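Residue numbers begin at 1 in each chain, while the letters A, B, ... track the order of the sequences. None of these values were measured; they are calculated from a predicted model.
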Protein chains: 2
Amino acid sequence: MEKTTREKLIYAATDLFRRKGYSAAGLTEILQAAGVPKGSLYHHFPGGKPDLALETARWAGRYLSRLMEEAFQESTSFKEGVTRICNAIADIHDARGAWDFCPVTGTLLGGPADERFRLAALEIFESWVKLSKTHAIRLGMAEARAELQSRAALLLIEGAWITARADGSADIIRRIPDMLEA
Amino acid sequence: MEKTTREKLIYAATDLFRRKGYSAAGLTEILQAAGVPKGSLYHHFPGGKPDLALETARWAGRYLSRLMEEAFQESTSFKEGVTRICNAIADIHDARGAWDFCPVTGTLLGGPADERFRLAALEIFESWVKLSKTHAIRLGMAEARAELQSRAALLLIEGAWITARADGSADIIRRIPDMLEA
DNA sequence: GCATGATTAGACCAATCAGTCTATACCTGA
DNA sequence: TCAGGTATAGACTGATTGGTCTAATCATGC
């Protein structure tokens with residue numbers, strides 16, 4: 001399966017944005033990693049770097065949504081679902097040998113103080129909470145508690161994504177499930 | 001009390017690093033905000049931007065440690081301490097009218113993939129956990145639980161710092177105490 | 001095989017980046 | 001009042017930034 005130019009750009013950008021953040025990741029650097037000339041970037045993303053970042057974050061957001069959906073589908077309790085998600089994210093960290101930002105954080109919130117960026121990030125975060133809450137209720141949790149637990153899970157995961165970078169280890173991510181009911 | 005040049009630089013850098021992150025905050029911009037010429041910066045911080053960032057993060061780390069220490073001193077339970085801390089942080093957000101990064105995150109983890117940066121951030125985070133854990137035990141919590149709850153509090157606060165930026169509101173920070181025992 | 005729009009290719013540009021350097025002003029102690 | 005170190009001041013530099021522009025190439029329909 002041949003990757004399209006657009007996909008190459010999004011993959012390379014995802015990688016660099018979450019490793020270095022929006023500002024520190026240079027356009028030339030992304031282009032080089034993608035093996036794509038500058039002209040192609042501005043053909044596919046006329047808005048330049050911000051356009052690419054927005055699209056990249058949405059793509060990563062959908063990727064993680066899928067990961068979460070599968071985790072919950074296989075689970076018989078909310079905690080089991082969160083455990084699967086955390087293990088999966090921690091495994092990604094370990095496999096990369098790098099402790100990056102959450103792709104949404106690195107790409108959007110590390111970028112310019114643009115309202116479009118803020119809203120795109122908000123939309124992705126809220127979609128995750130909604131997904132989690134829906135499954136929590138499906139698995140027997142009361143609505144109010146499902147809401148609070150889902151938001152707590154998001155904060156714990158985002159926080160762990162940060163401190164894991166400082167730790168140089170993904171261990172803290174695997175400890176999240178215990179924190180949810182501590 | 002006259003502010004020294006060094007202090008002016010650290011204050012301005014703290015402000016800009018947490019608002020835009022290390023990479024996006026330009027040196028010229030910091031200098032202008034501080035009202036200090038370039039020569040002075042390299043006199044006080046011979047290592048340039050990285051030196052300034054390291055010092056800035058440590059200063060902000062101590063500031064928040066003090067805030068936490070006072071919050072716990074005035075409290076009769078762990079939850080009350082966390083509540084005071086969260087309210088104080090949320091108040092800072094509201095007072096600024098901006099929803100910034102945690103100063104440590106923005107300054108150090110938003111910076112270069114330098115080992116010195118990573119270790120400095122780790123040291124600050126760990127000092128916060130230690131402080132919180134000590135007070136949790138003092139307030140009657142068992143050691144293992146004190147450790148876990150303190151780490152959970154750190155993750156929740158760091159995570160909320162991120163999502164508050166997307167929300168454009170500090171409300172989520174005020175909901176953290178409920179999550180700790182949910 | 002020719003024409004047309006889509007795509008690739010990369011030279012080029014102004015602006016900005018962190019950092020260097022020299023000159024001057026300031027302060028303190030003699 | 002002078003000497004000498006400290007600090008301020010900002011012009012300047014080379015590298016890099018995101019973005020523009022034109023030319024070449026590719027694919028597709030006639």
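Among residue pairs with one or both ends in residues 133-153 of chain A, those qualifying as ring-ring contact (aromatic ring centres under 6.0 Å, His included) are A:F72-A:H135; sequence neighbours excluded. Screening residues 17-36 of chain B for ring-ring contact (aromatic ring centres under 6.0 Å, His included) gives B:F17-B:Y22, B:Y22-B:F117 as the qualifying pairs, with residues at least two apart or on separate chains. Identified under the side chain to side chain donor-acceptor pair (under 3.5 Å) test for residues 72-87 of chain B, with sequence neighbours left out: B:E69-B:Q73, B:E74-B:R84, B:S75-B:R84, B:T76-B:E80, B:K79-B:E181, B:E80-B:R84. For the side chain to side chain donor-acceptor pair (under 3.5 Å) condition, the pairs that include at least one residue of residues 26-54 of chain A, sequence neighbours left out, are A:K20-A:E29.
Under a 4.5 Å side-chain heavy-atom criterion applied to ILVMFWY residues, the cluster that includes B:L122 comprises B:L119 as well. When hydrophobic side chains of Ile, Leu, Val, Met, Phe, Trp and Tyr are connected at separations under 4.5 Å, B:W99 ends up as a singleton with no cluster partners. Connectivity analysis of hydrophobic side chains (ILVMFWY, heavy atoms under 4.5 Å, direct or indirect) links A:I137 to nothing; its cluster partners are none.
Going from atom NZ of B:K3 over to atom C1' of D:dT8 covers 18 Å, rounded to whole Å. Straight-line distance from the CD atom of B:Q32 to the P atom of D:dA9: 14 Å, rounded to whole Å. Distance B:R6 CZ to D:dT6 C1': 15 Å, rounded to the nearest Å. In this structure, A:F45 atom CZ and D:dG19 atom C1' are separated by 16 Å, rounded to whole Å.
If you check residues 104-117 of chain B against DNA chain C, you find no residue with a heavy atom closer than 4.0 Å.
We find that A:E147 and A:R151 are joined by a salt bridge, their nearest charged nitrogen and carboxylate oxygen being less than 4.0 Å apart.
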Show me the protein contacts with nucleotides 8-18 of chain C, counting only N or O atoms at under 3.5 Å.
from: C:dT8; atom 1: OP1; to: A:T5; atom 2: OG1; distance (Å): 2.3
from: C:dT8; atom 1: OP2; to: A:S40; atom 2: OG; distance (Å): 3.3
from: C:dT8; atom 1: OP2; to: A:H44; atom 2: NE2; distance (Å): 2.9
from: C:dT8; atom 1: O5'; to: A:S40; atom 2: OG; distance (Å): 3.4
from: C:dG10; atom 1: O6; to: A:G39; atom 2: N; distance (Å): 3.3
from: C:dA18; atom 1: OP1; to: B:L27; atom 2: N; distance (Å): 3.3
from: C:dA18; atom 1: OP1; to: B:K49; atom 2: NZ; distance (Å): 2.8
from: C:dA18; atom 1: OP2; to: B:L27; atom 2: N; distance (Å): 2.6

